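Note that the structure is predicted; figures quoted are calculated from it, not measured. Note that ligands are numbered from 1 as they come in the structure, with each ligand's atoms numbered from 1 the same way. FYI, side chains are in, hydrogens and waters are out, and symmetry mates aren't considered; it's all heavy atoms of this structure.
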Amino acid sequence: MRTETPQAIYLKDYTPPPFLIDTVDLDVAIFDENTRVRSRMGLRRNPAAADPQASLCLDGEDLVLESVALDGRILAAGEYVLCGGRLLLRVELPEAFMLETVSLIEPDKNTQLSGFYRSKDGYFTQCEAEGFRRITWFLDRPDVMAKYTVTLHADKAKFPVLLSNGNPVASGSEGVGRHWAKWVDPFRKPSYLFAMVAAKLDVLREDYQTRSGRTVHCAVFVEPGKLDQCAHAMAALKKSMKWDEVVFGLEMDLDHYMIVAVGDFNMGAMENKGLNIFNTKCVLASPDTATDSDFQHIDRVVAHEYFHNWTGDRVTCRDWFQLSLKEGLTVFRDQQFGMDMHSAGVTRIQDVRTLRAAQFPEDAGPMAHPIRPASYAEINNFYSATVYEKGAEVIRMIHTLIGKSAFRAGMDLYFKRHDGHAVTCEDFVSAMADASGVDLTQFKRWYNQAGTPRLVARGEYDAAARRFTLSFTQQYPATAYERRLEAEGRKFSRGAYHLPVVLGLIGPDGAELPLRLAGEDKAVGTQRVLELREDEQTFVFEDVAVQPVPSLLRGFSAPVILDYPYAEAELTHLMAHDTDAFSRWEAGQRLATQILLRGIEAFQTGKGEALGWIPASYVEAIRTLLASAADPESDPALIAEALTLPSEVVLAEAVSGVVDPDAIHGAREALIGHLAAQLKGELLMTYQALKLSAPYSPDAAQVGARALRNTCLDYLAGSATVEALALLKAQLDEADNMTDSVAALAALANLDVPERQAALDAFLERWKHEALVVDKWLNVQALSSAADTGSRVRSLLDHPAFDIRNPNKVYALVRAFCRGNPRHFHAADGSGYALAADVILLLDSANPQVASRIARSFDAWRRFDAARQSLARTQLLRIQAKTDLSRDVGEVIGRALEA
Ligand code: B3K
Ligand code: ZN
């Protein structure tokens, strides 16, 4: 039995690679029973290596080695050794040499979906982070960059499409019914960006003209018969190409840009140079199979992978500790793209919602880590909300602190200095500091300190002096991360963050007040960026004629928890008058959270149902909000966001002390029920007024209308009255798009009524041949609030529509249940924990990356009552007792148990 967290790798131990690989020539022959990979590499000693005599040790995993040859001479048995997934050469090596290895791999048996693997329509790769070593022997680390030539051989009828990175240079037929194709990538790249595909696929081709007049041949490859679902991804790709030219002056550098969709994929997509491989979920979309959020998600993922071509591929990471260098920056870029393409306010709200739902809990749990961790056991566990989403917030803060044009100059300098190299987060921050002249030394703490800082703010108005004094205190208590460093006896320091607070002051009439800080001659605008650098800092605003309500952290200018004692009336005021869309929404969320926290307490003491904790003024504020939908100037998408209460997961974070999932659920449902009852007329009217007659389009206007309409439906449905059921049934019958169908189905899935099963059956019958729609069918059941959800999810594991080997199915059903349905996952009888553990144990050997993602559901186990903790602990120990537990799951479970 494994008793502790697996062996860690440390950032401080980084050394440059002893050898460099300049060229790789792969010859890959695919047969039914196995694939033979011949690799010819041009190597030389690295002049920057610490040990000029170092021996050569190549990474390899699940490879059957047939032969090794050095400069054309086959090595004898004693001239190399295979040990612990490594190939160690025991011969004297010249300064530069050619090394050839021949190995066999079995992609049909590769259930991990890392390396080269089989899916329904053919063979695909996934090499980040360490999948290339599952294809051939290599120095499989991002700071070894080589030029690749690849020749693929396969059966022509079964796998007519043969692709790799770069340009196709030759192809032909061979043998009986076989063919080959040769690809050359003109750019040096790390092995994690390698890709190849041999499959039967349909393709949509379109050209893109770059601003300098070059033609890029774009192609989207999909499962045969799905060409009608590719247009949106292709359009998203072209929009991204254009946007990067306009905003960052970055142009596509290749003649071919290919996107290949595959149904079996561990995550969303992968930015391999010129040959992105995508989960079908992030490519395929038609109005009747994809929702508005699917369409928007596709835009963002296509953009994200495209943007990686510069931030990731042209300039890559020196080592995996620097992952946020490419991920945080690229998420920031795709967020900016989203804000430019759709509604800026709604996009920012949704991005912050994601951060709060996924990253804040991560910072508060056993897997807490800074955006650049100091150590890891399994790198795949660190493709985390912290590295991605918090990483993007850190980049956003630089953008806010130095300003848009200095940021652009910083990006230009970054590419000028580092194009074609593997670099560190410091290199990025230095480029930003040098281009802007702003000292970002202290700012770098964001890269090394874990945890969500708490920003305590207090405002004081002196009417006589017409002065408003705003004081800030930063709090950054140690997280599980620092506790672990301490336990390991490692040195670390912590200190105040350098962060921007974007603010405005709102007067009693709703107008913005001019801002003059003490010491300034005159007011400078109505919105300012305050820079915090100290543990405690005070700002004094002069000439403030009336008591203001401060609008703090506009646009969510820093990833902190703001503690400001807003009165409920002040929040209602901000909800109505703040000029910043995000801050209006934020005020509403804050108000709802304050009320719900009281409701949660009331439910715990048996007084919840009486609803005495819901102020009438809140109902009126929501009534006003709903009424504003009638104003043609209003944005229904923003109103929908404002009507959506904080989720149960986000509320659990706001609770201090023991988390009671039943009370959280009870209070939230009670508030929804009360609002629905009080505002029934307004909800119904808004629902009816927003019915669209135009043909479906995923444009902002239609998306907003559907979002608000379906939010109203959701409120109305909670009552389960005959009237509400009729509404749901009518929408299910009449909907001409998946957004409306699945909204109605999800609302119905919450209700314990006979109509529910009938609707679910009919939906499955209609869509059983569309894998991504079947995922939605599983998902609505996993997220259902109905009492029998736990047992239904358990029986769905055996349903023919579910397949534990397909990550999308596991995410749609199991991850959604464990991470999106806290009341049922944390069921008092422990059934949710047992279900998660069963799935983790089933998946651990087959696909450790997916198993590990499910294992993260236990992160918060210490926050629950003793009985739940004991049930969770039993399951954690049961998982830990598995023989040969993967490093992925071992690290997550080990840390959870240490917490
Ligand atoms: N870089 C990939 C993620 C790879 C995950 C490996 N476990 C996708 C992306 O962030 O664009
Ligand atoms: Zn990425």
*Asks:* What does the N/O contact table under 3.5 Å look like for ligand 1?
*Replies:*
unit_1	atom_1	unit_2	atom_2	d
ligand 1	1 (N)	E128	OE1	2.6
ligand 1	1 (N)	E271	OE1	2.8
ligand 1	1 (N)	E271	OE2	3.4
ligand 1	1 (N)	K326	NZ	3.4
ligand 1	1 (N)	E327	OE2	3.1
ligand 1	7 (N)	N380	OD1	2.8
ligand 1	7 (N)	Q849	OE1	3.4
ligand 1	10 (O)	H304	NE2	3.4
ligand 1	10 (O)	E327	OE1	2.9
ligand 1	10 (O)	E327	OE2	3.0
ligand 1	10 (O)	Y388	OH	2.5
ligand 1	11 (O)	E271	OE1	3.2
ligand 1	11 (O)	H304	NE2	3.1
ligand 1	11 (O)	E305	OE1	2.8
ligand 1	11 (O)	E305	OE2	2.9
ligand 1	11 (O)	H308	NE2	3.2

*Asks:* Do you know which of R396, R356, R300 makes side chain to side chain donor-acceptor pair (under 3.5 Å) with D351?
*Replies:* R300

*Asks:* Please name all residues satisfying side-chain contact (heavy atoms from CB on, under 4.5 Å) with T111, sequence neighbours left out, ordered by chain then number.
*Replies:* R805, A846

*Asks:* Quick one: list whatever passes ring pair (Phe, Tyr, Trp, His ring centres under 6.0 Å) with F802, sequence neighbours left out.
*Replies:* none

*Asks:* Can you tell me if, anywhere in E271, an N/O/S atom lies at a distance from the Zn ion (ligand 2) that is smaller than 2.8 Å?
*Replies:*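 E271 does not place any N, O or S atom closer than 2.8 Å to the Zn ion (ligand 2).
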
*Asks:* Could you tell me which residues satisfy side chain to side chain donor-acceptor pair (under 3.5 Å) with D340, sequence neighbours excluded, listed by chain and number?
*Replies:*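 With neighbours one apart ignored, the set is W243.
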
*Asks:* Applying the ring-ring contact (aromatic ring centres under 6.0 Å, His included) test to H369, which of F382, F321, Y481, Y383 qualifies?
*Replies:* F382

*Asks:* To make sure I understand the geometry: which N, O or S atom in E327 is closest to the Zn ion (ligand 2)?
*Replies:* OE1

*Asks:* How many angstroms lie between atom CD1 of I277 and atom OG of S119, to the nearest 0.5 angstrom?
*Replies:*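 Reported to 0.5 Å precision, the distance equals 10.5 Å.
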
*Asks:* I'd like to know whether E61 forms a salt bridge (charged side-chain N to carboxylate O under 4.0 Å, His left out) with R133, so could you lay out the CA-CA distance, the side-chain angles of the two residues, the decisive distance to 0.1 Å, and finally the verdict.
*Replies:* CA-CA 6 Å; E61 194 178 295; R133 66 186 63 185; 5.2 Å; no

